[in-house]
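Computed from a predicted model, the values in this text were never measured in an experiment. Note on naming: letters A, B, ... go to the chains in the order of the sequence lines (proteins, then strands), and numbering restarts at 1 for each one.
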Amino acid sequence: MPELPEVETLKRELSKDLTGKTISHVRIRDTMIVSRQSPKKFIKRLVGKTVSEVSRRGKAIVISFRQGDHLIVQLAMTGQPNYGSALKTAKVVFELSNGQYLNYNDTRRFGRLSVIKDFDDSPFLQSLGPEPLGRDFNVKWLAKALQRRKSPIKSLLMNQSFLAGIGNIYASEILFRCGIHPQRPALSLKDNEITLLYQEIVGVLKEAIKFKGSSINTYRNTKGLKGTFHNRIQVYGKHLEKCPRCPFLIQRIFMAGRSTFFCPNCQPIRPFPAYPSTFARDGSREW
DNA sequence: CGGGGCTCCTGTGCGC
DNA sequence: TGCGCACAGGAGCCCC
């Protein structure tokens, strides 16, 4: 369910809620959520620990403790951290020193909580590509990273070991804003398109964070409130609706089993040159 | 190594 | 109303 903007929103809230609090009790109602570790050891490593910092890496929340160790929260599709009173439906409940609770809800049970000593201990964290809103991510890096990549650009944007944090909604939204067809091979992108792609990756994610994420279906913040970026979404889930920029209808196709939304006119599979710079000096087109 | 397909689960919405 | 099917913001594993 949550992608980078939603997880970033949750992280900011959890940082306020949890920093300085000590875990006094842990209750695991569904051991599957902790399946990588034994529930007993999981609890033993957390009780008595004080939260020093809450951070984010890609779509994962990282809760770090003064006494050492980090709690990695992978929300997957329906994971929902909630702060306040204890919830009976929560899969895992953390009681805090101030009498409040951190609940972990997860109807589909795909999410995972794990305690690690160092980031090196987590193959998942190790596998992640750069942060799209971090210093390592820039046009030069992107241009180089797209070289020799034959895979469709949308698949690559969603590949967490390529770039960490973009999921199914934002991949479609970013490519629509760029006018790039989701099935274009990554290596076919021209310099102007790569620059635009960089700008829209950063632009869409920042804007979505500003609006506290998208609550299309089940996403809620730690207080149960919705984000509002879904009001600004242009193509995701809008197949058979009119494109916001032209008279064509938004299409849905499936790529690697995931719904993909785009405008066949604004995002042609054979890109029409968008700018004069794509014309050669003699006036002929590159394509 | 890269990338596609299948799978883990539960809930919801739709057509019949 | 009820049933069956399609589909859902993720990612691990297997396979070529």
Touch class at under 4.0 angstrom, heavy-atom based, for A:Ser259 against every strand present: sugar-phosphate
Side-chain touch A:Pro5/A:Phe229, heavy atoms, less than 4.5 angstrom: no
Interatomic distance at P, B:dC9 relative to C:dC3, whole Å: 23 Å
Which atom pairs link the protein and nucleotides 2-6 of chain B when you take only N or O atoms and keep those under 3.5 Å?
unit_1	atom_1	unit_2	atom_2	d
B:dG3	OP1	A:Ser151	OG	3.1
B:dG3	OP2	A:Arg149	NH1	3.1

Dot-bracket encoding per residue of DNA chain B, Watson-Crick/G-U cut-off under 3.5 Å, | denoting interstrand: .|||||||.|||||||
Donor + acceptor pair across side chains of A:Glu3, A:Tyr219 (<3.5 Å): no
Side chain to side chain contact (heavy atoms under 4.5 Å, CB included) partners of A:Ser161, counting only residues at least two apart: A:Asn159
Note, A:Phe124 side chain near A:Ile116 side chain (heavy atom, < 4.5 Å): no
Heavy-atom check, side chain of A:Val54 versus side chain of A:Asp17, under 4.5 Å: no
Heavy-atom check, side chain of A:Leu96 versus side chain of A:Leu18, under 4.5 Å: yes
Residue pair A:Phe262 / A:Ile253, side-chain heavy-atom distance below 4.5 Å: yes
Side-chain atoms of residues 233-244 of chain A: list all donor-acceptor pairs with protein atoms under 3.5 Å, sequence neighbours left out, distances to 0.1 Å.
unit_1	atom_1	unit_2	atom_2	d
A:Lys242	NZ	A:Cys246	O	2.8

Euclidean distance, atom CD of residue A:Glu6 to atom P of C:dA8 [Å, nearest integer]: 16 Å
OP1 or OP2 of C:dC7 under 4.0 Å from side-chain N/O of A:Arg252: yes
A:Lys210 with A:Glu207: basic N within carboxylate O range, under 4.0 Å: no
Pairs satisfying side chain to side chain donor-acceptor pair (under 3.5 Å), at least one member in residues 146-158 of chain A, at least two apart: A:Lys154-A:Asn168, A:Lys154-A:Thr260
Letter per nucleotide, 5' to 3', of nucleotides 10-16 of chain C [B base touched, S only sugar-phosphate touched, - untouched; heavy atoms, 4.0 Å]: BSSS---
Nearest-angstrom distance from the residue atom CG of A:Asn217 to P of B:dG11: 13 Å
